[in-house]
Amino acid sequence: MDARNLDITETAALLRGLLPSWRLMHFEEIDSTNRYAKALATQDPDLRALIVADSQSAGRGRMGRDFYSPASTGLYFSLVFPAESALGSLPLTAAAAVAVLRAVYKLTGKQLSVKWVNDLLLNEKKVAGILCEGVYTGNRQSMVIGIGINVSTDAFPADLQAVAGSLAETSLSRDLLLREVCGELIPYIQDPGDRAWLSDYRTHSCVLGREIKWLENGVWQMGQALDMDADGALLVKNSAGEVCRLATGEITLRRL
Ligand code: BTN
């Protein structure tokens, strides 16, 4: 195997210790770890697995966007598990964002910020994204948390160059990063009521206090981001002075 390929030996050991009943699947290339996780969960709603790829040919983001996933320079993985209680995708996304920013800070000293709801930024460029999706099979529900991190990618397609960046960590082990993110996130998956991520989600938000725009029923609204609630929903004051709760969708930061 190419030395730059992802070696997940240590992650396998961590999973065996922390989560003995979970499966670990590793691909050198796949279309999308989220798509694959969802297909497997449809066949087996009891499946608990971590699916990791060295590259994705059709990595997916929110709102039908692509997630650029070249070989050897990024970390792309999905966790899939049965949603035994009411696991909302909003708090899962927020918990995953905090897991990534804590792991990155621990390993590199670089402090990411979170652009609600699922983007992680460094120097105002997106370096990581999260896509949580539910899978419904009869009366069973599984959740998929997909995480993509640009570890050392330095060349992006033209349409991404202005907005995408990377951690610029050429010698950071992606296996170690995977392990740290899973180590942060798995306790939350095991105890979804735990809101220990909330304080970091607020502190490292690049949105709170800012003027923002959001789309509501096809109409752009403007206002100020005030706070997050315990589920990670954004509380915003609109231009009429009313406080609204945004639990989905996308916001744009306004440059004043
Ligand atoms: C976004 O930017 O809107 C979310 C990006 C999520 C990308 C990750 S990479 C691993 C997993 N598989 C996918 O196809 N997408 C997620």
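Numbering of residues begins at 1 and proceeds along the displayed sequence. Whatever order the structure lists them in is the order used to number ligands and atoms, beginning at 1. Below, each value reflects all heavy atoms present in this structure, side chains not excepted, and no hydrogens, waters or symmetry copies.
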Show me which atoms of ligand 1 lie under 4.0 Å from any heavy atom of [X].
X	result
Gly146	8 (C), 11 (C), 16 (C)
Gly61	1 (C), 3 (O), 4 (C), 5 (C)
Asn34	11 (C), 12 (N), 13 (C), 16 (C)
Gly59	14 (O)
Ser78	11 (C)

Would you indicate whether the side-chain heavy atoms of Gln111 and His204 approach each other to under 4.5 Å?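 Yes; the side chains approach each other to less than 4.5 Å.
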Are Asp54 and Phe27 side-chain neighbours, meaning at least one heavy-atom pair lies under 4.5 Å?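 Contact flag for Asp54/Phe27 side chains = no.
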Is the closest heavy atom of Lys126 to ligand 1 under 4.0 Å?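 Contact present.
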Hey, is Gln56 one of the residues with a heavy atom under 4.0 angstrom from ligand 1?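 Yes; Gln56 lies near enough to ligand 1 that a heavy-atom distance drops under 4.0 Å.
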Between the candidates Ile149, Leu131, Thr33, Asn118, which shows the shortest non-hydrogen contact distance to atom 1 (C) of ligand 1?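 Among Ile149, Leu131, Thr33, Asn118, the closest heavy atom to atom 1 (C) of ligand 1 comes from Asn118.
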Partner of Glu184 by side chain to side chain contact (heavy atoms under 4.5 Å, CB included), out of Lys106, Arg102, Arg179: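 Of the listed residues Lys106, Arg102, Arg179, the side chain to side chain contact (heavy atoms under 4.5 Å, CB included) partner of Glu184 is Arg102.
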Asn150 side-chain N/O to Gly165 backbone N/O, donor-acceptor pair under 3.5 Å: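 Pair found, side chain donor or acceptor close to backbone of Gly165.
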Ignoring hydrogens and geometry, is there a side-chain-to-backbone donor-acceptor pair from Ser205 to Leu208 under 3.5 Å?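 Present.
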Geometry only, no angles: is Tyr76 polar-contacting ligand 1 at N/O separations under 3.5 Å?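 The answer is no, given that Tyr76 and ligand 1 share no N or O pair closer than 3.5 Å.
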For [atom], what is the closest protein heavy atom, and at what distance to 0.1 Å?
atom	result
atom 15 (N) of ligand 1	Arg60 O, 2.7 Å
atom 3 (O) of ligand 1	Arg62 N, 2.7 Å
atom 5 (C) of ligand 1	Phe67 CD1, 3.5 Å

Can Ile189 be reached from Leu40 by stepping across I, L, V, M, F, W or Y side chains whose heavy atoms are under 4.5 Å apart?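 No, separate clusters.
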Partners passing side chain to side chain contact (heavy atoms under 4.5 Å, CB included) against Leu215 (at least two apart in sequence or in another chain):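 Leu215 satisfies side chain to side chain contact (heavy atoms under 4.5 Å, CB included) with Trp220 once adjacent residues are dropped.
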List for me each residue that meets side chain to side chain donor-acceptor pair (under 3.5 Å) alongside Glu10, sequence neighbours excluded, and say none if there are none.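 Counting only residues at least two positions away or on another chain, Glu10 forms no side chain to side chain donor-acceptor pair (under 3.5 Å).
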